[in-house]
Number of protein chains: 2
Amino acid sequence: MSQDLPVTSYALLGLLTFGDDLTGYELKQRADRTLRYYWVAPAMSQVYSELDRLSERGLVRARDAGPNKRSTKYRITPKGRRALTRWMTDEPVGFPVLKHPVVLRLLIGHVVAPEVTRRMLREHLAALAEHRAGLAGVRDSLQGRDEPGDAFRYPSLVADWGLEYLDGERAILEKLLARLDEES
Amino acid sequence: MSQDLPVTSYALLGLLTFGDDLTGYELKQRADRTLRYYWVAPAMSQVYSELDRLSERGLVRARDAGPNKRSTKYRITPKGRRALTRWMTDEPVGFPVLKHPVVLRLLIGHVVAPEVTRRMLREHLAALAEHRAGLAGVRDSLQGRDEPGDAFRYPSLVADWGLEYLDGERAILEKLLARLDEES
DNA sequence: ACAGCCATGTAACTCGTTACATGATTAC
DNA sequence: GTAATCATGTAACGAGTTACATGGCTGT
(Lines give C-alpha, C1' and ligand atoms only; values in the text may rest on other atoms or scores of the structure.)
Protein backbone atom coordinates (compact mmCIF):
# COMPACT_ATOMS: atom_id res chain seq x y z
CA MET A 1 0.00 0.00 0.00
CA SER A 2 3.05 2.22 0.19
CA GLN A 3 2.28 4.77 -2.50
CA ASP A 4 5.62 6.26 -3.39
CA LEU A 5 5.40 10.00 -3.26
CA PRO A 6 8.22 12.49 -3.64
CA VAL A 7 9.51 13.94 -0.39
CA THR A 8 8.08 17.35 -1.22
CA SER A 9 4.59 15.84 -1.21
CA TYR A 10 5.07 14.55 2.31
CA ALA A 11 6.56 17.87 3.30
CA LEU A 12 3.46 19.74 2.18
CA LEU A 13 1.23 17.12 3.75
CA GLY A 14 3.16 17.61 6.97
CA LEU A 15 2.42 21.32 6.92
CA LEU A 16 -1.25 20.42 7.19
CA THR A 17 -0.80 18.66 10.54
CA PHE A 18 -0.66 21.81 12.62
CA GLY A 19 -4.35 21.92 13.36
CA ASP A 20 -5.67 24.26 10.66
CA ASP A 21 -6.99 23.96 7.11
CA LEU A 22 -5.19 25.92 4.43
CA THR A 23 -5.74 27.11 0.89
CA GLY A 24 -3.04 26.43 -1.66
CA TYR A 25 -1.97 30.00 -1.33
CA GLU A 26 -1.69 29.79 2.44
CA LEU A 27 0.18 26.52 2.18
CA LYS A 28 2.71 28.17 -0.09
CA GLN A 29 3.18 30.92 2.48
CA ARG A 30 3.74 28.43 5.25
CA ALA A 31 6.26 26.61 3.09
CA ASP A 32 8.10 29.88 2.57
CA ARG A 33 8.37 30.36 6.31
CA THR A 34 9.47 26.80 7.10
CA LEU A 35 10.50 24.43 4.31
CA ARG A 36 12.37 27.17 2.57
CA TYR A 37 15.19 27.10 5.10
CA TYR A 38 16.09 23.43 4.82
CA TRP A 39 14.13 21.91 2.03
CA VAL A 40 12.75 23.97 -0.86
CA ALA A 41 10.39 26.81 -1.58
CA PRO A 42 8.04 25.12 -4.06
CA ALA A 43 6.54 27.21 -6.84
CA MET A 44 2.90 28.18 -6.51
CA SER A 45 2.03 25.95 -9.45
CA GLN A 46 3.67 23.00 -7.79
CA VAL A 47 1.75 23.51 -4.58
CA TYR A 48 -1.50 23.26 -6.53
CA SER A 49 -0.45 20.19 -8.47
CA GLU A 50 0.75 18.46 -5.31
CA LEU A 51 -2.57 19.20 -3.65
CA ASP A 52 -4.33 17.66 -6.65
CA ARG A 53 -2.25 14.53 -6.34
CA LEU A 54 -2.76 14.29 -2.59
CA SER A 55 -6.50 14.72 -3.17
CA GLU A 56 -6.61 11.95 -5.74
CA ARG A 57 -5.01 9.59 -3.27
CA GLY A 58 -7.31 10.61 -0.49
CA LEU A 59 -4.58 12.02 1.73
CA VAL A 60 -6.16 15.46 1.85
CA ARG A 61 -9.72 16.61 1.25
CA ALA A 62 -10.84 19.89 -0.26
CA ARG A 63 -13.56 21.71 1.66
CA ASP A 64 -14.57 24.79 -0.19
CA ALA A 65 -15.48 27.58 2.13
CA GLY A 66 -15.55 30.63 -0.10
CA PRO A 67 -18.76 31.83 -1.76
CA ASN A 68 -18.06 30.83 -5.34
CA LYS A 69 -15.77 27.82 -5.04
CA ARG A 70 -12.76 30.01 -4.41
CA SER A 71 -10.67 29.95 -1.26
CA THR A 72 -10.74 26.18 -1.22
CA LYS A 73 -9.31 24.95 2.05
CA TYR A 74 -7.53 21.63 2.33
CA ARG A 75 -7.49 19.35 5.33
CA ILE A 76 -5.39 16.27 5.94
CA THR A 77 -7.49 13.08 6.20
CA PRO A 78 -6.98 10.24 8.69
CA LYS A 79 -5.58 8.24 5.79
CA GLY A 80 -3.18 11.08 5.06
CA ARG A 81 -2.06 11.11 8.65
CA ARG A 82 -1.41 7.39 8.57
CA ALA A 83 0.55 7.70 5.33
CA LEU A 84 2.67 10.46 6.83
CA THR A 85 3.39 8.50 9.99
CA ARG A 86 4.30 5.43 7.98
CA TRP A 87 6.66 7.47 5.85
CA MET A 88 8.34 8.99 8.90
CA THR A 89 8.68 5.66 10.63
CA ASP A 90 9.51 3.21 7.86
CA GLU A 91 11.05 5.01 4.91
CA PRO A 92 14.80 5.48 5.19
CA VAL A 93 15.70 9.11 5.55
CA GLY A 94 18.08 10.29 2.85
CA PHE A 95 21.35 12.12 3.30
CA PRO A 96 21.21 15.91 2.98
CA VAL A 97 22.06 17.42 -0.37
CA LEU A 98 23.78 20.75 -0.44
CA LYS A 99 24.05 22.88 -3.57
CA HIS A 100 26.49 25.58 -2.65
CA PRO A 101 27.46 27.73 -5.64
CA VAL A 102 29.83 29.84 -3.55
CA VAL A 103 31.95 26.87 -2.55
CA LEU A 104 31.73 25.54 -6.10
CA ARG A 105 33.27 28.75 -7.39
CA LEU A 106 35.87 28.67 -4.69
CA LEU A 107 36.97 25.28 -5.99
CA ILE A 108 37.95 26.77 -9.30
CA GLY A 109 39.21 30.03 -7.85
CA HIS A 110 42.45 29.62 -9.78
CA VAL A 111 40.81 30.75 -13.02
CA VAL A 112 40.05 34.26 -11.75
CA ALA A 113 41.95 36.97 -9.90
CA PRO A 114 41.96 36.43 -6.12
CA GLU A 115 40.00 39.64 -5.65
CA VAL A 116 37.06 38.19 -7.59
CA THR A 117 36.83 35.31 -5.14
CA ARG A 118 37.16 37.57 -2.12
CA ARG A 119 34.44 39.84 -3.40
CA MET A 120 32.16 36.88 -3.94
CA LEU A 121 32.70 35.75 -0.36
CA ARG A 122 32.00 39.20 1.04
CA GLU A 123 28.79 39.46 -0.93
CA HIS A 124 27.74 36.03 0.15
CA LEU A 125 28.29 36.91 3.80
CA ALA A 126 25.93 39.85 3.34
CA ALA A 127 23.28 37.64 1.73
CA LEU A 128 23.73 35.17 4.56
CA ALA A 129 23.04 37.85 7.15
CA GLU A 130 19.86 38.81 5.38
CA HIS A 131 18.74 35.21 5.15
CA ARG A 132 19.42 34.76 8.85
CA ALA A 133 17.36 37.82 9.71
CA GLY A 134 14.38 36.28 7.94
CA LEU A 135 14.69 33.08 9.91
CA ALA A 136 15.17 34.99 13.16
CA GLY A 137 11.87 36.70 12.48
CA VAL A 138 10.18 33.34 12.07
CA ARG A 139 11.77 32.09 15.27
CA ASP A 140 10.55 35.11 17.20
CA SER A 141 6.99 34.59 16.02
CA LEU A 142 7.01 31.14 17.66
CA GLN A 143 8.00 32.44 21.10
CA GLY A 144 5.73 31.21 23.84
CA ARG A 145 4.42 28.19 21.96
CA ASP A 146 7.66 26.27 21.92
CA GLU A 147 7.67 24.23 25.12
CA PRO A 148 7.58 20.41 25.06
CA GLY A 149 4.01 19.52 24.25
CA ASP A 150 3.19 22.82 22.55
CA ALA A 151 1.99 22.98 18.96
CA PHE A 152 5.11 24.68 17.69
CA ARG A 153 7.66 22.77 19.72
CA TYR A 154 9.22 21.05 16.74
CA PRO A 155 9.10 24.05 14.40
CA SER A 156 10.92 25.96 17.11
CA LEU A 157 13.58 23.29 17.43
CA VAL A 158 14.01 23.42 13.68
CA ALA A 159 14.29 27.20 13.63
CA ASP A 160 16.91 27.04 16.37
CA TRP A 161 18.75 24.45 14.36
CA GLY A 162 18.68 26.77 11.34
CA LEU A 163 20.01 29.76 13.22
CA GLU A 164 22.92 27.77 14.60
CA TYR A 165 23.55 26.30 11.20
CA LEU A 166 23.73 29.74 9.58
CA ASP A 167 25.95 31.05 12.37
CA GLY A 168 28.30 28.14 11.77
CA GLU A 169 28.43 28.85 8.07
CA ARG A 170 29.19 32.49 8.71
CA ALA A 171 32.00 31.68 11.13
CA ILE A 172 33.67 29.30 8.71
CA LEU A 173 33.45 31.69 5.79
CA GLU A 174 34.72 34.65 7.77
CA LYS A 175 37.76 32.63 8.77
CA LEU A 176 38.28 31.55 5.18
CA LEU A 177 38.01 35.12 3.93
CA ALA A 178 40.52 36.31 6.50
CA ARG A 179 42.89 33.59 5.36
CA LEU A 180 42.56 34.69 1.74
CA ASP A 181 42.98 38.33 2.68
CA GLU A 182 46.25 37.89 4.53
CA GLU A 183 47.79 35.81 1.75
CA SER A 184 46.39 38.25 -0.81
CA MET B 1 27.50 35.93 -26.44
CA SER B 2 26.67 34.75 -22.95
CA GLN B 3 25.34 31.28 -23.60
CA ASP B 4 23.28 30.36 -20.61
CA LEU B 5 24.37 27.02 -19.31
CA PRO B 6 23.21 25.29 -16.15
CA VAL B 7 25.59 25.58 -13.24
CA THR B 8 26.44 21.89 -13.42
CA SER B 9 27.86 22.43 -16.91
CA TYR B 10 30.22 25.08 -15.62
CA ALA B 11 31.09 22.86 -12.68
CA LEU B 12 32.16 20.04 -15.00
CA LEU B 13 33.96 22.48 -17.25
CA GLY B 14 35.78 23.75 -14.18
CA LEU B 15 36.99 20.25 -13.37
CA LEU B 16 38.85 20.30 -16.68
CA THR B 17 40.98 23.29 -15.65
CA PHE B 18 43.39 21.33 -13.48
CA GLY B 19 45.89 20.66 -16.24
CA ASP B 20 44.85 17.25 -17.49
CA ASP B 21 42.51 15.82 -20.11
CA LEU B 22 39.84 13.43 -18.92
CA THR B 23 37.45 10.85 -20.30
CA GLY B 24 33.82 11.09 -19.33
CA TYR B 25 34.40 8.28 -16.93
CA GLU B 26 37.32 10.00 -15.27
CA LEU B 27 35.40 13.24 -15.09
CA LYS B 28 32.62 11.46 -13.25
CA GLN B 29 35.17 10.12 -10.78
CA ARG B 30 36.59 13.56 -10.18
CA ALA B 31 33.10 14.92 -9.64
CA ASP B 32 32.51 12.22 -7.05
CA ARG B 33 35.58 13.32 -5.15
CA THR B 34 34.86 17.03 -5.31
CA LEU B 35 31.48 18.32 -6.47
CA ARG B 36 29.73 15.63 -4.54
CA TYR B 37 30.36 17.33 -1.21
CA TYR B 38 28.83 20.69 -2.01
CA TRP B 39 27.14 20.49 -5.35
CA VAL B 40 25.94 17.22 -6.86
CA ALA B 41 27.19 13.86 -7.99
CA PRO B 42 25.92 13.86 -11.57
CA ALA B 43 24.85 10.58 -13.12
CA MET B 44 27.20 9.00 -15.65
CA SER B 45 24.68 9.63 -18.39
CA GLN B 46 24.53 13.30 -17.51
CA VAL B 47 28.29 13.65 -17.64
CA TYR B 48 28.25 12.36 -21.21
CA SER B 49 25.40 14.58 -22.29
CA GLU B 50 27.00 17.64 -20.72
CA LEU B 51 30.23 16.86 -22.53
CA ASP B 52 28.27 16.66 -25.78
CA ARG B 53 26.73 20.05 -25.14
CA LEU B 54 30.06 21.61 -24.18
CA SER B 55 31.56 20.14 -27.36
CA GLU B 56 28.84 21.57 -29.54
CA ARG B 57 29.51 25.00 -28.15
CA GLY B 58 33.23 24.65 -28.57
CA LEU B 59 34.01 24.89 -24.87
CA VAL B 60 35.73 21.52 -24.80
CA ARG B 61 37.30 19.45 -27.55
CA ALA B 62 37.37 15.67 -27.81
CA ARG B 63 40.74 14.17 -28.62
CA ASP B 64 40.44 10.46 -28.98
CA ALA B 65 43.50 8.70 -27.78
CA GLY B 66 42.41 5.08 -27.52
CA PRO B 67 42.97 2.64 -30.36
CA ASN B 68 39.43 2.26 -31.62
CA LYS B 69 37.77 5.55 -30.77
CA ARG B 70 37.29 4.57 -27.15
CA SER B 71 38.79 6.35 -24.18
CA THR B 72 37.99 9.72 -25.65
CA LYS B 73 39.70 12.42 -23.65
CA TYR B 74 38.26 15.90 -23.36
CA ARG B 75 40.21 19.11 -23.01
CA ILE B 76 38.93 22.58 -22.22
CA THR B 77 39.45 25.02 -25.10
CA PRO B 78 40.59 28.65 -24.79
CA LYS B 79 37.02 29.64 -25.54
CA GLY B 80 35.85 27.37 -22.74
CA ARG B 81 38.28 28.98 -20.36
CA ARG B 82 37.02 32.42 -21.30
CA ALA B 83 33.40 31.33 -20.84
CA LEU B 84 34.23 29.95 -17.42
CA THR B 85 36.04 33.10 -16.31
CA ARG B 86 33.19 35.26 -17.55
CA TRP B 87 30.71 33.15 -15.63
CA MET B 88 32.76 33.36 -12.44
CA THR B 89 33.23 37.10 -12.78
CA ASP B 90 29.95 38.38 -14.12
CA GLU B 91 27.13 35.99 -13.31
CA PRO B 92 25.58 36.53 -9.90
CA VAL B 93 26.28 33.64 -7.60
CA GLY B 94 23.12 32.11 -6.24
CA PHE B 95 22.28 31.41 -2.63
CA PRO B 96 22.97 27.86 -1.40
CA VAL B 97 20.11 25.39 -1.43
CA LEU B 98 19.95 22.79 1.27
CA LYS B 99 17.70 19.76 1.07
CA HIS B 100 17.87 18.28 4.53
CA PRO B 101 15.39 15.43 5.00
CA VAL B 102 16.42 14.92 8.61
CA VAL B 103 15.49 18.45 9.61
CA LEU B 104 12.35 18.21 7.51
CA ARG B 105 11.22 15.20 9.53
CA LEU B 106 12.15 16.93 12.73
CA LEU B 107 9.72 19.69 11.80
CA ILE B 108 6.81 17.31 11.89
CA GLY B 109 8.13 15.27 14.77
CA HIS B 110 4.80 15.64 16.55
CA VAL B 111 3.19 12.98 14.34
CA VAL B 112 5.43 10.17 15.59
CA ALA B 113 6.64 8.92 18.95
CA PRO B 114 9.67 10.87 20.24
CA GLU B 115 11.79 7.75 20.07
CA VAL B 116 11.33 7.60 16.28
CA THR B 117 12.82 11.06 15.94
CA ARG B 118 15.68 10.31 18.29
CA ARG B 119 16.52 7.13 16.43
CA MET B 120 16.54 9.05 13.14
CA LEU B 121 18.99 11.56 14.56
CA ARG B 122 21.30 8.87 15.89
CA GLU B 123 21.35 7.13 12.53
CA HIS B 124 21.99 10.36 10.75
CA LEU B 125 24.95 11.12 13.00
CA ALA B 126 26.43 7.78 11.99
CA ALA B 127 25.93 8.51 8.29
CA LEU B 128 27.48 11.92 8.82
CA ALA B 129 30.61 10.38 10.32
CA GLU B 130 30.95 8.08 7.34
CA HIS B 131 30.51 10.95 4.92
CA ARG B 132 33.12 12.95 6.76
CA ALA B 133 35.58 10.08 6.59
CA GLY B 134 35.26 10.08 2.81
CA LEU B 135 36.01 13.77 2.60
CA ALA B 136 38.89 13.44 5.05
CA GLY B 137 40.40 10.89 2.68
CA VAL B 138 40.13 13.34 -0.18
CA ARG B 139 41.70 16.07 1.91
CA ASP B 140 44.63 13.84 2.84
CA SER B 141 45.31 13.05 -0.78
CA LEU B 142 45.87 16.75 -1.46
CA GLN B 143 48.52 17.17 1.22
CA GLY B 144 51.68 18.81 -0.06
CA ARG B 145 50.05 20.48 -3.05
CA ASP B 146 47.95 22.90 -1.11
CA GLU B 147 50.12 25.98 -0.62
CA PRO B 148 49.24 29.33 -2.21
CA GLY B 149 50.17 28.99 -5.86
CA ASP B 150 49.93 25.19 -5.93
CA ALA B 151 47.59 23.39 -8.31
CA PHE B 152 45.35 22.09 -5.54
CA ARG B 153 45.31 25.18 -3.37
CA TYR B 154 41.64 25.89 -3.92
CA PRO B 155 40.46 22.29 -3.79
CA SER B 156 42.23 22.05 -0.44
CA LEU B 157 40.55 25.17 0.86
CA VAL B 158 37.24 23.70 -0.22
CA ALA B 159 37.93 20.38 1.46
CA ASP B 160 38.85 22.19 4.67
CA TRP B 161 35.64 24.14 4.40
CA GLY B 162 33.72 20.88 4.03
CA LEU B 163 35.30 19.25 7.06
CA GLU B 164 34.51 22.23 9.25
CA TYR B 165 31.01 22.36 7.86
CA LEU B 166 30.40 18.72 8.71
CA ASP B 167 31.88 19.14 12.17
CA GLY B 168 29.53 22.05 12.74
CA GLU B 169 26.55 20.02 11.67
CA ARG B 170 27.55 17.19 13.96
CA ALA B 171 27.95 19.50 16.94
CA ILE B 172 24.54 21.08 16.45
CA LEU B 173 22.78 17.76 16.04
CA GLU B 174 24.48 16.19 19.03
CA LYS B 175 23.30 19.07 21.17
CA LEU B 176 19.81 18.76 19.76
CA LEU B 177 19.73 15.04 20.43
CA ALA B 178 20.88 15.55 24.01
CA ARG B 179 18.10 18.08 24.46
CA LEU B 180 15.52 15.63 23.18
CA ASP B 181 16.94 12.85 25.33
CA GLU B 182 16.70 14.72 28.59
CA GLU B 183 13.13 15.84 27.97
CA SER B 184 12.30 12.36 26.72
C1' DA C 1 -10.90 54.01 -10.22
C1' DC C 2 -6.97 51.85 -9.46
C1' DA C 3 -3.25 49.35 -7.22
C1' DG C 4 -2.00 45.56 -4.92
C1' DC C 5 -2.72 41.34 -3.10
C1' DC C 6 -5.43 36.92 -2.99
C1' DA C 7 -6.26 32.84 -5.55
C1' DT C 8 -6.04 29.16 -9.08
C1' DG C 9 -4.59 27.07 -12.71
C1' DT C 10 -2.28 25.51 -17.72
C1' DA C 11 1.61 24.80 -20.96
C1' DA C 12 6.10 24.33 -22.22
C1' DC C 13 10.37 23.33 -20.85
C1' DT C 14 14.90 21.84 -18.49
C1' DC C 15 17.46 19.30 -15.35
C1' DG C 16 18.59 15.23 -13.75
C1' DT C 17 17.54 10.36 -12.67
C1' DT C 18 16.93 5.30 -13.44
C1' DA C 19 16.89 1.51 -16.39
C1' DC C 20 18.69 -0.55 -20.15
C1' DA C 21 22.11 -2.01 -23.71
C1' DT C 22 26.66 -2.85 -25.30
C1' DG C 23 31.24 -4.07 -25.49
C1' DA C 24 36.48 -3.59 -24.33
C1' DT C 25 40.19 -4.21 -21.08
C1' DT C 26 42.41 -5.97 -16.95
C1' DA C 27 43.24 -9.04 -13.03
C1' DC C 28 42.95 -13.43 -11.15
C1' DG D 1 37.67 -18.19 -18.72
C1' DT D 2 35.39 -15.22 -16.05
C1' DA D 3 34.56 -11.47 -12.99
C1' DA D 4 35.33 -6.73 -12.20
C1' DT D 5 36.02 -2.52 -13.87
C1' DC D 6 36.40 0.73 -17.72
C1' DA D 7 33.78 3.14 -21.08
C1' DT D 8 29.88 5.06 -23.74
C1' DG D 9 25.72 5.81 -24.80
C1' DT D 10 19.96 5.78 -25.48
C1' DA D 11 15.17 6.06 -23.83
C1' DA D 12 11.69 7.06 -20.75
C1' DC D 13 10.38 9.47 -17.08
C1' DG D 14 9.62 12.69 -13.03
C1' DA D 15 10.33 16.78 -10.37
C1' DG D 16 10.22 21.32 -10.49
C1' DT D 17 10.57 25.84 -12.89
C1' DT D 18 9.07 29.97 -15.60
C1' DA D 19 5.78 32.24 -18.29
C1' DC D 20 1.28 33.03 -19.11
C1' DA D 21 -3.77 33.69 -18.29
C1' DT D 22 -7.55 34.80 -15.47
C1' DG D 23 -10.24 37.00 -12.23
C1' DG D 24 -11.93 38.24 -7.28
C1' DC D 25 -11.27 41.04 -3.14
C1' DT D 26 -9.60 45.09 -0.37
C1' DG D 27 -8.00 49.48 0.76
C1' DT D 28 -7.45 54.26 -0.53
Side-chain angles (χ1 to χ4, degrees), chain A residues 3-13 20-33 35-36 38-57 60 62-74 87 94-95 97-99 101 104, chain B residues 3-13 15-16 20-33 35-36 38-57 60 62-74 92 94-95 97-99 101 104:
Chain A
Q3 16 197 356
D4 254 23
L5 287 171
V7 177
T8 299
S9 280
Y10 287 110
L12 292 174
L13 188 57
D20 44 3
D21 300 350
L22 300 180
T23 66
Y25 196 87
E26 290 164 337
L27 185 54
K28 160 69 172 158
Q29 289 181 130
R30 183 167 290 178
D32 283 345
R33 288 172 53 84
L35 299 187
R36 184 183 163 219
Y38 46 81
W39 188 249
V40 275
M44 215 41 260
S45 64
Q46 196 192 357
V47 171
Y48 288 116
S49 55
E50 293 293 354
L51 282 172
D52 285 346
R53 169 158 51 181
L54 292 170
S55 275
E56 275 166 30
R57 308 200 182 197
V60 302
R63 342 176 359 99
D64 63 41
N68 39 344
K69 102 154 190 196
R70 288 171 55 72
S71 302
T72 319
K73 299 244 181 194
Y74 289 87
W87 173 71
F95 198 80
V97 171
L98 176 64
K99 299 189 100 178
L104 170 59
Chain B
Q3 17 198 353
D4 256 23
L5 287 171
V7 177
T8 300
S9 280
Y10 287 110
L12 292 174
L13 187 57
L15 293 184
L16 290 172
D20 44 5
D21 301 350
L22 301 180
T23 66
Y25 195 88
E26 290 164 338
L27 185 56
K28 161 69 172 159
Q29 289 181 130
R30 182 167 291 179
D32 284 344
R33 287 173 52 86
L35 299 186
R36 186 185 162 216
Y38 45 83
W39 189 249
V40 276
M44 214 42 259
S45 64
Q46 197 192 357
V47 171
Y48 288 116
S49 55
E50 293 293 355
L51 282 172
D52 285 346
R53 168 156 54 180
L54 291 171
S55 275
E56 276 166 30
R57 308 199 182 198
V60 303
R63 345 177 355 101
D64 63 39
N68 39 345
K69 102 152 189 199
R70 287 171 54 72
S71 302
T72 317
K73 299 246 181 192
Y74 290 87
F95 198 80
V97 171
L98 176 63
K99 299 190 98 177
L104 170 59

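To find a chain, count down the sequence lines: A is the first, B the second, and so on, and within it residues start at 1.
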A/E50 and A/R53: CA distance, side-chain angles, deciding distance, salt bridge (charged side-chain N to carboxylate O under 4.0 Å, His left out) verdict: CA-CA 5 Å; A/E50 293 293 354; A/R53 169 158 51 181; 3.0 Å; yes

Does a nitrogen or oxygen in the side chain of B/Y48 sit under 4.0 Å from OP1 or OP2 of D/dT8? yes

Starting at the 5' end of DNA chain C, which residue's closest nucleotide do you reach first, A/Y25 or B/V7? A/Y25

A/S45 (side chain) and D/dT18 (base): donor-acceptor pair under 3.5 Å: yes

What residues, two or more places apart in sequence or in another chain, satisfy side-chain hydrogen bond (donor to acceptor under 3.5 Å, both in side chains) together with B/R30? B/D20

Identify each atom pair where a protein N or O and an N or O of nucleotides 12-15 of chain C are less than 3.5 Å apart, giving names and distance.
from	atom 1	to	atom 2	distance (Å)
C/dC15	OP2	B/R53	NH1	3.3

Non-hydrogen atoms of A/V40 and B/K99 that approach each other most closely: CG1-CE, 3.6 Å

Pick base, sugar-phosphate or nothing for B/A41, based on heavy-atom distances below 4.0 Å to the nucleic acid. sugar-phosphate

Could you check which of D/dA7, C/dC5, C/dG9 has an atom nearest any side-chain atom of B/T23? D/dA7

For residues B/V47 and B/L12, report the shortest heavy-atom separation together with the two atoms involved. CA-CD1, 4.4 Å

Can you tell which of D/dC6, C/dA7, D/dT8 lies closest to the side chain of A/E26? C/dA7

Give me the bend of the helix from C/dA1-D/dT28 to C/dC28-D/dG1, using the axes of the five pairs at each end, rounded to 10°. 30°

Short question: side chain of A/K28, backbone of A/A43 - any donor-acceptor pair under 3.5 Å? no

Taking all non-hydrogen atoms of both residues into account, name the closest pair between B/L51 and B/G24 and its distance. CD1-CA, 3.7 Å

